[in-house]
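Every chain is numbered from 1 and lettered A, B, ... according to where its sequence line falls, protein lines coming before strand lines. What you are looking at is a predicted structure, and each value in this text was computed from that prediction instead of being measured.
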2 protein chains.
Amino acid sequence: MPTLEKVTRTDAGLASELRLSVMRLRRRLVAERHPDNELSMNAMAVLGALHRHGELTIGELATRERVKAPSMTRTVNWLEDGGHVARRPHETDGRQVLVALSDRGRETLLADRRRRDEWLARRLRDLTPADRDLLRRAAPILERLAQED
Amino acid sequence: MPTLEKVTRTDAGLASELRLSVMRLRRRLVAERHPDNELSMNAMAVLGALHRHGELTIGELATRERVKAPSMTRTVNWLEDGGHVARRPHETDGRQVLVALSDRGRETLLADRRRRDEWLARRLRDLTPADRDLLRRAAPILERLAQED
DNA sequence: TATTGTTATACTCTATAACTATA
DNA sequence: TATAGTTATAGAGTATAACAATA
């Protein structure tokens, strides 16, 4: 039997299965977010990016999180209102805006890091070590699928 | 070194990484949906569930897709307006409503199945066979994470 | 009383379009 | 002209609360 067709069909099935799993797991993750965590998951992701990479512009943050600039403007507005980040003008390009993590933002990030993944981490601990290892290797591939053009 | 703490920390990291990957990939999947596909991804998932399992109630569909009943009512309304499904009363329990795939819905499902995963399937073909195989094994685990209580 | 589904309402996240300021 | 960011607006998807019908 033609292997190509088999592979293609199997890949379509995998795509379908993977898509459904991702949609459902995301929905579950949003629902299970710790109630006393005042920041959205996306806002926390922005704090994490700033922690890892230092100051970033709105555009860089938007590209990184795969959202459009207006969405990132709004997220940064929330974070700034809460005192978690600060905007400052770019030194040489007056159009750009640099966003930096504040001390409070860093505290929030570090304090929440342990508890914000509580639900998922608990579920992960219920898996076999082999399954957990498999997910550990799968996560970067999922990330790459999301990032590629 | 305390192995437990190490493992716990690593799992928290995995949870974080997995969460971000899932959020971003889902966002990308929604953005890359074929423009001439008139049905939302969730509506298509409902058609798929009806195809696999036959008639289901609103409540069963809601549980399966991990949404609340009002959300599923709305999705089923769309599908019914488009002639893709039909409601009929439950034989013995007047409160429940059975939803069945129509011929048109089945055609829509089968015709769209190949193309609706086009983007993801193409990305998957760009992966190495090993990575693809890894995702094939990871998908059910993600599904289980989404489904468990 | 409890359950199933619907209606009403509101919220979150995201996008596109139009605009401002700067390059 | 082109780019970075903001503002205005709209749409999709979801939830909770209140309600109706039935068990």
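- Electrostatic pairing of B:D126 and B:R122 does not count as a salt bridge here, judged by no charged N lying under 4.0 Å from a carboxylate O.
- Counting heavy atoms of neighbouring residues, nucleotides and ligands inside a 6.0 Å radius, atom CG of B:D81 exceeds 12 of them.
- In this entry the distance linking NE2 of A:H90 with C1' of D:dG5 reads 13 Å, nearest Å.
- Evaluation of the side-chain contact (heavy atoms from CB on, under 4.5 Å) rule for A:A43 yields A:L39, A:S40, A:T75, A:L79 as partners, not counting sequence neighbours.
- The CD-C1' distance, from A:Q96 to D:dT6, rounds to 15 Å in whole Å.
- Residues that satisfy the side-chain contact (heavy atoms from CB on, under 4.5 Å) test with A:T128, not counting sequence neighbours, are A:A130, A:D131.
- Between B:R74 atom CZ and D:dG11 atom P the separation is 13 Å, expressed in whole Å.
- Contact check for A:H84 versus A:V46: no side-chain heavy atoms found under the 4.5 Å cut-off.
- As rounded to whole Å, 15 Å separates atom C1' of D:dT14 from atom CZ of A:R28.
- A search for side chain to side chain donor-acceptor pair (under 3.5 Å) contacts involving B:S21 returns A:E143, not counting sequence neighbours.
- OP1 or OP2 of C:dT14 lies within a sub-4.0 Å distance of a side-chain N or O belonging to A:N42.
- For A:R27 and D:dG13, a side-chain-to-base donor-acceptor distance below 3.5 Å is absent, hydrogens and geometry of angles not being considered.
- Distance NZ (B:K68) to P (C:dT9): 22 Å, rounded to an integer number of Å.
- Where the helix from C:dT1-D:dA23 to C:dA23-D:dT1 starts and where it ends, the local axes point in directions that differ by 10°; five pairs per end, rounded to 10°.
- Between A:N77 and the phosphate of D:dG5, there is no side-chain N or O to OP1/OP2 separation shorter than 4.0 Å.
- With sequence neighbours excluded, no residue forms a salt bridge (charged side-chain N to carboxylate O under 4.0 Å, His left out) with B:R74.
- Legend: residues meeting salt bridge (charged side-chain N to carboxylate O under 4.0 Å, His left out) with B:R95, ordered by chain and number and at least two apart, are B:D93.
- Near DNA chain C, meaning a heavy atom under 4.0 Å from it, residues 57-64 of chain B has B:T57, B:I58, B:G59 in order of number.
- Ranking D:dG13, C:dA15, D:dG5 by closeness to the A:S71 side chain, first place goes to C:dA15.
- Screening residues 43-65 of chain A for salt bridge (charged side-chain N to carboxylate O under 4.0 Å, His left out), with sequence neighbours left out, gives A:E55-A:R88, A:E65-B:R24.
- Across all strands, B:R26 comes closer than 4.0 Å to no nucleic acid atom at all (heavy-atom distances).
- Residues that satisfy the side chain to side chain donor-acceptor pair (under 3.5 Å) test with B:R27, not counting sequence neighbours, are A:N42.
- Side-chain nitrogen and oxygen atoms of A:T73 include none within less than 4.0 Å of the OP1 or OP2 phosphate oxygen of D:dG5.
- Residues that satisfy the side-chain contact (heavy atoms from CB on, under 4.5 Å) test with B:R87, not counting sequence neighbours, are B:I58, B:T73, B:V76, B:N77, B:E80, B:V97.
- Nucleotide D:dG5 holds its C1' atom 16 Å from the CZ atom of A:R88, rounded to whole Å.
- Between B:M41 atom CE and D:dG13 atom C1' there is a gap of 13 Å when expressed in whole angstrom units.
- A:M44 has its CE atom 13 Å from the P atom of C:dC13, to the nearest Å.
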Distances under 3.5 Å between protein N/O atoms and the N/O atoms of nucleotides 17-22 of chain D, please, pair by pair.
| unit_1 | atom_1 | unit_2 | atom_2 | d |
| --- | --- | --- | --- | --- |
| D:dT22 | O3' | B:G94 | N | 3.3 |

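- In this structure, A:R87 reaches the D:dT6 phosphate: one of its side-chain N or O atoms is under 4.0 Å from OP1 or OP2.
- Take A:S71 and apply the side-chain contact (heavy atoms from CB on, under 4.5 Å) test, not counting sequence neighbours, and it matches A:V67.
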